[in-house]
Amino acid sequence: MVAFLFADTQKYKDKYKDKEHKHKDHKKDKEREKLKHGNSPPHVKSEPDDFYHSPKHEKSLKREREVADGKKKVKKEPEEKWKWWEEERYTDGVKWKFLEHKGPVFAPPYEPLPSNVKFYYDGKHMKLSPQAEEVATFFAKMLDHEYTTKDIFRKNFFKDWKKEMTSEERSKITDLKKCNFTEMSDYFKAQAEARKSKTKEDKLKIKEENERMLQEYGFCVMDNHKERIANFRIEPPGLFRGRGDHPKMGMLKRRIRPEDIIINCSKDSKHPVPPPGRKWKEVRHDNKVTWLVSWTENIQGSIKYIMLNPSSRIKGEKDWQKYETARRLKKCVDRIRNQYREDWKSKEMRIRQRAVALYFIDKLALRAGNEKEEGETADTVGCCSLRVEHIKLYPENDGQEFVVEFDFLGKDSIRYYNKVPVEKRVFKNLQLFMENKEPDDDLFDRLNTSILNKHLQELMDGLTAKVFRTYNASITLQQQLKELTNVNCGDDLLMLSLNVNHLNIVSVVKPFILVEGHSKCFEKPWFMFQIDAKRDQLADAKRELKSAKADAKVRRDEKSKKAVETKKKAVQRIEEQLMKLEVQATDREENKQIALGTSKLNYLDPRISVAWCKKMGIPIEKIYNKTQREKFAWAIDMAEEDYEF
DNA sequence: GCTCATACTTAGCAGACTGCCT
DNA sequence: AGGCAGTCTGCTAAGTATGAGC
């Protein structure tokens with residue numbers, strides 16, 4: 001995980017000089033902190049879990065919030081960031097006391113096509129009704145995508161499209177193959193082109209308009225604080241494209257109207273106003289939930305929400321709490337591991353299954369695997385929903401004993417392929433679980449996620465399957481960074497980190513990687529090609545540098561000296577690029593690119609990285625971009641260099 | 001127990017943006 | 001100034017987890 005910390009090595013070098021100075025500033029801040037919080041422990045501030053059970057009452061809580069807030073408003077511009085992590089937290093499920101917002105922004109209404117953009121059916125021009133035309137444009141916009149050629153996609157689309165047609169249209173248009181959308185498609189391509197080549201002023205205008213919308217609708221007031229909303233725009237209508245082999249791909253995602261919308265806000269707030277002449281479905285005042293707006297989506301019938309940004313108090317607290325739960329697991333993970341190993345021997349089948357499943361979750365970072373409705377979604381599984389067909393047992397394989405081969409589609413239909421040697425007991429149990437079963441039978445037929453989580457709850461308060469991911473990722477990161485720090489880095493910190501860390505990436509994120517068996521063959525040649533090209537480029541640059549040097553020796557003038565400098569820089573740059581490519585190639589091979597970013601955002605306790613940066617004098621900007629710094633503001637502020645996960 | 005609804009986190013991907021090179 | 005690669009951001013799908021109601 002650490003290599004991408006240094007993704008932009010060049011920039012880091014440039015700012016490296018500032019290090020000293022920034023670091024000092026930081027120390028000053030810390031001193032101030034300590035003064036302010038006199039007797040509070042220096043690194044780990046009061047943990048959210050403690051607060052949760054603290055006997056304090058809401059009254060004092062409210063008062064503290066208002067005090068803190070008042071101070072802020074009087075003293076400074078909103079630039080002064082609110083440190084919610086220094087305040088008391090709500091208890092018993094109350095999420096807020098006051099909530100005011102402006103409601104959602106609806107998708108812009110459909111604009112009919114100009115009359116010169118025609119649709120043809122069976123070679124003949126046909127003017128579509130606005131409703132039918134709108135849905136047709138959704139299809140036209142996707143024409144370049146492979147999925148418009150897929151049977152299910154076309155079938156679903158056509159079925160839903162027909163529902164939007166007038167009865168006349170419906171009787172005429174009976175075969176999707178005879179529909180010609182190319183003029184529409186070309187029109188949209190031209191529009192996209194036009195948008196790109198707009199003048200600076202036009203682009204600026206659009207930007208300003210977006211900014212205005214953001215200012216107006218992108219914030220709410222929650223408990224006296226202005227907070228950023230994550231998604232204040234309602235999802236526009238279009239054709240549903242699920243991931244993987246989704247049975248509903250191509251279906252029409254309908255337009256959401258004010259009448260579909262449930263508003264959630266305080267009774268005593270200024271309620272959001274529906275568009276003129278329209279009504280909300282409902283306005284409610286439920287302060288036990290965090291969402292501001294909700295509606296029911298028509299593809300799966302699930303509820304969609306408008307909620308706050310990760311930088312908000314309400315999300316941040318939850319995130320913090322998540323890591324605190326993982327830290328509590330750290331204290332009892334040995335006990336739990338011993339326990340499930342014992343349970344492998346249980347007389348009861350359900351307990352053995354539970355124990356083996358938990359072992360997979362712990363060791364391989366499998367997801368829990370809730371059951372899903374068949375035919376409603378792509379066929380994917382997690383641990384508890386594994387089927388017999390997803391694993392193969394090898395008493396011996398490549399010189400190893402008791403090897404289990406996993407091959408299944410997980411979340412987002414990403415393939416998980418892995419061969420792992422397991423303990424003999426696990427192996428024997430798996431054999432037992434598979435006895436007399438069909439390939440499509442459940443491997444763990446006496447287990448589901450709710451049984452598993454109930455058990456975990458008994459082992460530790462707040463423990464669920466996903467805590468293991470958080471725990472394992474974070475603890476590994478911490479160990480890796482410790483090892484790294486023992487290496488004496490000196491000036492070459494960077495290069496060293498890049499190399500050393502490459503090893504570490506693998507072990508830190510490995511469990512989270514879905515090793516894509518054979519599809520690798522796809523990417524490799526392409527990558528190798530890139531690397532070869534870069535190598536050639538490097539060779540050329542070096543040759544040029546040589547001749548420039550020779551030239552300079554003969555001529556001894558300024559111009560040729562400069563030329564040498566330029567060539568030198570070019571060589572350096574190419575060398576760096578090459579190195580990066582090589583690192584990437586290995587990563588890519590193991591399929592980490594995205595998983596890396598994800599774990600950085602969702603599984604790794606940010607305080608670990610923050611502490612490490614503080615210790616090494618590396619500016620935090622090097623590891624977190626602006627968004628990430630906002631999300632992790634709490635960690636950046638509170639973690640000191642001796643933080644222990 | 002089971003199903004269903006609800007609320008919330010985690011996730012990949014596409015397009016926008018940025019900064020650099022030619 | 002135009003093109004390109006790398007990064008960031010917004011979007012929304014796809015998970016997890018829990019509790020209510022039978």
Side-chain angles (χ1 to χ4, degrees), chain A residues 4 7-8 10-11 93 95 107 145 192 195-197 200 203 206-207 210 214 218 229-236 238 240-244 246 248-249 253 262 264 286 288-291 294 296-297 299-310 314-315 318-319 321-322 361 366-373 376-378 380-385 409-414 446 448-454 456-457 462-470 512 514 530 566 569-570 573-574 577 580-581 584 591 593-603 624-628 630-631:
Chain A
F4 63 89
D8 46 354
Q10 192 52 54
K11 271 195 273 168
K95 302 291 167 63
H145 271 110
R195 223 173 303 131
K196 261 195 247 162
S197 51
K200 257 188 194 156
K203 280 186 179 165
I206 295 170
K207 216 177 160 184
N210 281 338
L214 174 66
I229 296 169
N231 54 325
F232 57 92
R233 286 173 207 276
I234 301 267
E235 298 172 19
F240 176 79
R241 170 63 189 150
R243 307 203 177 128
H246 199 115
K248 299 198 169 186
M249 65 169 86
K253 208 170 103 164
I262 302 175
N264 192 33
D286 182 356
K288 297 275 206 294
V289 296
T290 68
W291 54 267
S294 77
T296 302
E297 153 267 358
I299 304 288
Q300 330 262 3
S302 63
I303 308 170
K304 300 271 192 163
Y305 302 94
I306 290 183
M307 292 183 187
L308 298 193
N309 202 62
I314 211 147
K315 294 289 184 192
K318 199 78 189 290
D319 205 36
Q321 192 185 215
K322 174 181 77 185
I361 285 170
L366 299 194
R367 293 193 178 77
N370 285 316
E371 47 272 64
K372 342 182 356 188
E373 219 174 320
E376 293 291 297
T377 58
T380 60
V381 296
C383 185
C384 295
S385 49
L409 297 182
K411 182 176 180 180
D412 297 314
S413 291
I414 288 175
R446 307 285 174 86
N448 60 39
T449 53
S450 97
I451 296 173
L452 178 67
N453 279 335
K454 224 167 258 164
L456 291 176
Q457 197 61 239
L463 187 61
T464 62
K466 80 187 186 91
V467 179
F468 284 89
R469 288 192 143 216
T470 314
F512 307 94
L514 312 155
Q530 266 203 327
T566 324
K569 265 188 197 156
R573 197 178 55 240
I574 295 167
Q577 286 170 345
K580 224 160 147 182
L581 269 181
Q584 258 180 34
N591 235 315
Q593 293 304 315
I594 290 155
L596 231 54
T598 300
S599 50
K600 182 173 168 184
L601 235 48
N602 295 321
Y603 295 119
Y624 292 131
N625 68 32
K626 186 165 153 284
T627 320
Q628 292 165 164
E630 279 164 12
K631 171 170 176 172

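A, B, ... follow the sequence lines: proteins, then strands. Residue 1 opens every chain.
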Which nucleotide in B:dT10, B:dC8, B:dT9 has an atom nearest any side-chain atom of A:Tyr603: B:dT10

Spacing of A:Asn264 atom CG relative to B:dA7 atom P, expressed in whole Å: 9 Å

Between B:dT3 (P) and A:Ile451 (CD1): distance, integer Å: 11 Å

Base-contact (B) and sugar-phosphate-only (S) positions in nucleotides 10-18 of chain C, heavy-atom cut-off under 4.0 Å, - elsewhere: SSSSBSBBS

First of A:Ser302 and A:Ile314 reached from the 5' end of DNA chain B, by closest nucleotide: A:Ser302

Flag for A:Glu297-A:Ser302: side-chain donor and acceptor within less than 3.5 Å: yes

Rounded distance in Å - NZ (A:Lys318) to P (B:dC8): 7 Å

A:Lys207 vs B:dC17: side-chain N/O to OP1/OP2 distance below 4.0 Å: no

Proximal nucleotide (of B:dC8, C:dT9, B:dT10) relative to the A:Val289 side chain: B:dC8

Separation of A:Asn448 CG from A:Asn453 CG (nearest 0.5 Å): 9.0 Å

Rounded distance (nearest 0.5 Å) linking atom CD1 of A:Ile361 with atom CG of A:Leu452: 5.0 Å

Interatomic distance where CG belongs to A:Leu366 and P belongs to B:dT10 [whole Å]: 17 Å

Partner of A:Thr290 under side chain to side chain contact (heavy atoms under 4.5 Å, CB included), chosen from A:Leu308, A:Ile314, A:Asn264: A:Ile314

Side-chain N,O (A:Tyr624) to OP1/OP2 (C:dC8) below 4.0 Å: no

Residues in side chain to side chain contact (heavy atoms under 4.5 Å, CB included) contact with A:Lys288, at least two apart in sequence or another chain: A:Val94, A:Asp286

Most 5' of A:Tyr305 and A:Lys631 on DNA chain B, judged by nearest nucleotide: A:Tyr305

Side-chain N or O of A:Ser294 closer than 4.0 Å to phosphate OP1/OP2 of B:dT6: no

Separation of atom CG in A:Asn625 from atom C1' in B:dG19, rounded to whole Å: 16 Å

Distance in angstrom units between A:Glu373 CD and B:dC2 P, rounded: 16 Å

Closest contact, heavy atoms only, A:Phe240 versus A:Gln300: CZ-NE2, 3.7 Å

A:Lys322 NZ to B:dT9 P, straight-line distance once rounded to whole Å: 8 Å

Gap between atoms CD1 and P, on A:Ile229 and C:dT9 respectively (whole Å): 18 Å

Reported CG-to-CG distance for the pair A:Asn602 and A:Asp319, which is rounded to 0.5 angstrom: 7.5 Å

